[in-house]
Amino acid sequence: MTDVGIEITAELVHDLLKDQHPDLAGLPVREVTGGWGNQMWRLGGELAVRMPRMEGTSDLLRKECRWLPVLAPRLPLPVPTPVRTGEPSARFPRPWSVMTWVHGEPLDHASISRGDHAAGTLAGFLGALHVEAPGEAPASSDRGGHPRQWTKGFEDFLRAIAPGGLGADIRAVRAVWDDAVAAPDWEGPAVWLHGDLHPANVVVSDGTLSGVIDFDSVFAGDPAWDLAAVWVLLPAGVDSRFFEVYPQVDEGTIRRARGLAAMKSLFLILMGQSGDRGLPGGKPTWGPAGRAALGRVLASSPVRSRRP
């Protein structure tokens, strides 16, 4: 159900296609579980329909459709690319899109068994994405800057986790965050970022990463926000392999990324906690993923320079 009270059903999706893209209306429509701001439907075997549930996600969808065609050609992993756009109508008052389908299983429902391969794959993907963004690239109001700006959010996350739900020493977690806050600012140019790399936004096949999805948060900023994925996505012990492949990165960026990985892990734990309680929007599979990610953060060295 959307925030305007419209239930998104297969019949609605079919009718919208029939009205605006009749050549696609004959393809079978199948609901895809998951999603948050958008409800997604599989369209045939190679396409997907994204339907915004909430008002703010309409702007994010338009942003995704604007910039993915610019970014996708140089990225070494499959990503969804816009095929058609749907305009607001009496049946559905928001824009919607038809995207290519990225094959694979979301990581929050799967696992990586080929760790070194996945580390090299992620490093190659982020190395290709993290180039200087043009002046008209979108910014983000709630992420992209130095971790010190998110200390209140970090503490709020930490306090909201139920007793025993952290699975780690709270003092060690705070020490990681404090180290990130003390790290120097990013002094390079704002680079293109996916902005929301977590287990539900990447897919795996044959034990390794095979695609990256959900680019509606795409923006320009500090690469540390994406580099947090080293601990959030990859299995333990392969961070060295990642940084062998990823272009040269300074010590301060690693410290910021490690702290941001801790904060993202707390968010995953909270979403899992909500899912376990049956609360709207909760994701039961995210809790174990968050605790595993936090364990990897705490097991890694506080500072390891990757400069040659």
Side-chain angles (χ1 to χ4, degrees), residues 34 36-37 56 106-108 140-186 193-202 214 217 219 221-237 239 242 251-304:
W36 195 346
L107 183 55
D108 61 326
S140 175
S141 61
D142 63 348
R143 64 192 83 179
H146 195 284
R148 71 173 71 93
Q149 300 172 30
W150 282 267
T151 293
K152 182 180 183 301
F154 171 84
E155 291 292 341
D156 288 346
F157 287 168
L158 201 54
R159 284 192 293 268
I161 294 173
L166 188 63
D169 182 350
I170 191 170
R171 293 170 298 181
V173 177
R174 279 206 171 98
V176 170
W177 182 256
D178 290 344
D179 183 63
V181 168
D185 290 283
W186 171 245
L193 304 173
H194 176 281
D196 197 22
L197 288 172
H198 60 69
N201 283 345
V202 298
D214 202 348
S217 293
F219 65 95
D222 177 357
W225 282 85
D226 275 358
L227 294 176
V230 172
W231 297 277
V232 174
L233 300 180
L234 298 176
D239 53 324
F242 176 92
E251 182 179 284
T253 299
I254 295 172
R255 292 167 61 192
R256 294 191 306 279
R258 188 167 171 262
L260 291 167
M263 183 172 70
K264 289 170 182 278
S265 299
L266 298 181
F267 174 73
L268 292 173
I269 293 170
L270 278 173
M271 291 296 294
Q273 182 175 286
S274 295
D276 293 340
R277 294 173 177 174
L279 299 177
K283 306 288 184 183
T285 58
W286 290 17
R291 283 185 287 274
L294 189 59
R296 293 190 290 267
V297 170
L298 297 180
S300 64
S301 299
V303 175
R304 285 180 289 177

Colleague: Tell me if the CZ atom of Arg159 is crowded by more than 12 foreign heavy atoms within 6.0 Å.
Modeller: yes

Colleague: What distance separates Leu268 CG from Lys264 NZ, expressed to the nearest 0.5 Å?
Modeller: 9.0 Å

Colleague: For residues Ile254 and Leu227, determine if any side-chain heavy atom of one lies less than 4.5 Å from a side-chain heavy atom of the other.
Modeller: no

Colleague: If you look at every heavy atom in Val232 and Ala293, which pair is closest and at what distance?
Modeller: CA-CB, 3.8 Å

Colleague: Excluding sequence neighbours, so at least two apart, what forms salt bridge (Lys or Arg N to Asp or Glu O under 4.0 Å) with Asp226?
Modeller: none

Colleague: Locate the shortest heavy-atom distance separating Leu193 from Pro223; write the atom from each residue and the value.
Modeller: CD2-CA, 3.6 Å

Colleague: Between atom CD1 of Ile269 and atom OG of Ser274, what is the distance when rounded to the nearest 0.5 Å?
Modeller: 12.0 Å

Colleague: Mind checking side-chain contact (heavy atoms from CB on, under 4.5 Å) for Ala292 and listing every partner two or more places apart, or none if nothing turns up?
Modeller: Arg296

Colleague: Sub-3.5 Å donor-acceptor pair from the side chain of His146 to the main-chain atoms of Ala183, do we have one?
Modeller: yes

Colleague: With side chains defined as the heavy atoms from C-beta onward, is the minimum distance between Trp177 and Pro147 less than 4.5 Å?
Modeller: yes

Colleague: How close do Asp108 and Ala200 get, heavy atom to heavy atom, and via which atoms?
Modeller: OD1-CA, 3.7 Å

Colleague: Which distance, rounded to the nearest 0.5 Å, do you find between the CH2 of Trp231 and the CZ of Arg258?
Modeller: 7.5 Å

Colleague: Looking only at non-hydrogen atoms, find the nearest pair between Leu166 and Arg291 and report the distance.
Modeller: O-CG, 3.7 Å

Colleague: Let me confirm one number: the CD1-CG distance from Ile161 to Leu266, rounded to the nearest 0.5 Å.
Modeller: 4.5 Å

Colleague: Can you sort out the partners of Arg174 under side-chain contact (heavy atoms from CB on, under 4.5 Å), two or more places apart, ordered by chain and number?
Modeller: Phe154, Glu155, Leu158, Ile170

Colleague: Does Phe267 reach the side chain of Met271, with side-chain heavy atoms less than 4.5 Å apart?
Modeller: yes

Colleague: Closer than 4.0 angstrom, basic N to acidic O: yes or no for Arg256 and Asp222?
Modeller: yes

Colleague: List in chain and number order the residues that pass side-chain contact (heavy atoms from CB on, under 4.5 Å) with Arg277, two or more places apart in sequence or in another chain; answer none if no residue qualifies.
Modeller: Ala162, Gln273, Leu279

Colleague: At their closest point, which heavy atom of Phe219 faces which heavy atom of Gly144, and how far apart are they?
Modeller: CE1-CA, 3.4 Å

Colleague: Out of curiosity, Thr151 OG1 to Asp178 CG, how far, rounded to the nearest 0.5 Å?
Modeller: 8.0 Å

Colleague: A side-chain contact here means heavy atoms from C-beta on lying under 4.5 Å apart; do Leu233 and Pro199 qualify?
Modeller: yes

Colleague: Taking all non-hydrogen atoms of both residues into account, name the closest pair between Ala180 and Gly259 and its distance.
Modeller: CB-CA, 3.6 Å

Colleague: Are any non-hydrogen side-chain atoms of Pro184 and Glu251 less than 4.5 angstrom apart?
Modeller: no

Colleague: State which residue, out of Val230, Val176, Leu260, fulfils the side chain to side chain contact (heavy atoms under 4.5 Å, CB included) condition with Val297.
Modeller: Val176

Colleague: Please answer whether the main-chain N or O of Ala182 pairs with a side-chain N or O of Arg148 as donor and acceptor at a distance below 3.5 Å.
Modeller: no

Colleague: Checking Arg143 now: which residues fulfil salt bridge (Lys or Arg N to Asp or Glu O under 4.0 Å) with it, not counting sequence neighbours?
Modeller: Asp196

Colleague: Holding to ring-ring contact (aromatic ring centres under 6.0 Å, His included), I want the full list of residues that pass it with Trp150, two or more places apart in sequence or in another chain.
Modeller: Trp225

